[in-house]
Amino acid sequence: MERKITVPDIVKRKGGDPIVALTAYDFPFGRIADAAGVDLILVGDSLGMVVQGMDTTLPVTMDEMVYHCRMVARARRRALLVCDLPFLSYQVSPAEAVANAGRLVKEGAAEAVKLEGGVSMAETIRAIAGVDIPVMGHIGLTPQSVHRMGGHRVQGQRRGERPGQRERIIEDALAVADAGAFAIVLEGMPLDLAAEITTRLSIPTIGIGAGPHCDGQILVLHDVLGLCDRFTPKFAKRYAELWTAAADAISAYAREVRSRSFPTDGHSFHSLVPVPRDEKVAAEG
Ligand code: KIV
């Protein structure tokens, strides 16, 4: 087995080989992603949308994050395991944030946590990192701010200091790094802005919809596998069509049950015929 990837290993990748990150939410896909050589697995609160079928990530709870993280932790052998802090598990107070980050580590077996927000979350990042729980930041398009943003919209395309504007996003990036995050997700922003942030920060940037100049890339597992019936966002690439493959397989199963061509004799068990006593004695003698 290849050596386990740790937080310092990810930090050292700044400016080096691109970091490959992917979300996973359960044992089978955690095992597949890990075996395929993904460096960092994120148990994202995107599970609210791609696993639970909700429109936003907002309803996801701490208990649900712990439950999914534990499943992926059992599967993961090499990759670094990061778990999202869900909406309102860290915004109320730094003390509550530390307690919830601790739950993800103690109960979920996460090795690091991720939270969304920039300048306004700096104190919280400092508090969590201060008890030696590594923190990954997340700025730009932050799905937990969906109502403020008016939808899942690209951020930083306009100049200005208001939330979601270019100068403010740079401030957010600097604040997250300064507060002690070991890496930062840049989501849904122009590629030149992500490039500028990547140059200015000494911690690795991991992009999603942020162009090719980041230190690594992350995508949502279900987008990569084509395992969703919703639209695929422009920034994602479908490397397989598992939704269609699964639908075809299940339809074939249903057809064969209805036509009685499944199960065959080969899929069936047979009664054991007792060996008559005389034959048994002859065979043993
Ligand atoms: O929840 C998630 O999956 C994420 C990634 C999109 C970065 O935060």
Side-chain angles (χ1 to χ4, degrees), residues 10 18-26 29-30 33 38-62 64-69 71-72 79-91 100-101 104 108 110 112-118 121 125 134-146 149 151-155 169 172-173 176 181-189 194 197-198 203-211 214-225 227-228 230-238:
I10 295 293
I19 298 159
V20 180
L22 185 67
T23 67
Y25 315 100
D26 61 16
F29 284 117
V38 165
D39 300 313
L40 184 157
I41 298 178
L42 171 71
V43 182
D45 61 355
S46 51
L47 69 87
M49 297 172 79
V50 296
V51 176
Q52 297 176 335
M54 295 185 293
D55 290 337
T56 73
T57 59
L58 301 182
V60 176
T61 66
M62 270 300 298
E64 288 164 350
M65 293 310 300
V66 168
Y67 172 76
H68 284 274
C69 192
M71 283 190 267
V72 178
L80 183 75
L81 181 60
V82 183
C83 187
D84 262 345
L85 280 160
F87 180 58
L88 279 200
S89 69
Y90 60 95
Q91 291 94 338
N100 282 320
L104 295 179
V113 300
K114 176 168 81 57
L115 59 81
E116 298 179 10
M121 282 299 133
I125 294 172
V135 183
M136 188 152 97
H138 183 164
I139 60 163
L141 192 173
T142 45
Q144 292 177 17
S145 317
V146 59
M149 296 182 302
H152 294 100
R153 295 180 192 284
V154 176
Q155 304 289 294
I169 291 177
D172 282 339
V176 166
F182 74 95
I184 185 167
V185 169
L186 308 181
E187 179 166 357
M189 64 178 70
I197 293 172
T198 300
I203 58 171
T205 59
I206 302 180
I208 172 165
C214 299
D215 297 302
Q217 297 291 330
I218 185 162
L219 282 176
V220 169
L221 175 79
H222 290 56
D223 290 336
V224 169
L225 297 181
L227 195 46
C228 39
R230 65 183 180 125
F231 82 107
T232 306
K234 171 184 160 80
F235 58 80
K237 181 167 173 187
R238 290 166 87 111

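The chain is numbered in sequence order, starting from 1. Start at 1 and go down the list; that is how both ligands and their atoms are numbered.
- Sorted by first and then second residue, the pairs that involve residues 40-53 and meet side chain to side chain donor-acceptor pair (under 3.5 Å), not counting sequence neighbours, are Tyr25-Ser46, Asp45-Gln144, Gln52-Glu64.
- Annotation: side-chain contact (heavy atoms from CB on, under 4.5 Å) contacts of Pro18 (sequence neighbours excluded): none.
- Ser89 is linked by a side-chain contact (heavy atoms from CB on, under 4.5 Å) to Met62, Leu85, Pro86, Asn100, counting only residues two or more places apart in sequence or in another chain.
- We find the CD1-NE2 distance between Ile184 and His138 to be 9.0 Å, quoted to the nearest 0.5 Å.
- Remark: Phe235 CZ to Leu219 CG distance equals 7.0 Å, nearest 0.5 Å.
- Looking at heavy atoms from C-beta onward, Met136 lies in side-chain contact with Leu40 at the 4.5 angstrom threshold.
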Find all protein N or O atoms under 3.5 angstrom from an N or O atom of ligand 1 and list the pairs with distances, or write 'none'.
| from | atom 1 | to | atom 2 | distance (Å) |
| --- | --- | --- | --- | --- |
| ligand 1 | 1 (O) | Asp45 | N | 3.2 |
| ligand 1 | 1 (O) | Asp45 | OD1 | 3.1 |
| ligand 1 | 1 (O) | Ser46 | N | 3.0 |
| ligand 1 | 1 (O) | Ser46 | OG | 3.3 |
| ligand 1 | 1 (O) | Asp84 | OD2 | 3.1 |
| ligand 1 | 3 (O) | Ser46 | OG | 2.5 |
| ligand 1 | 8 (O) | Lys114 | NZ | 2.8 |

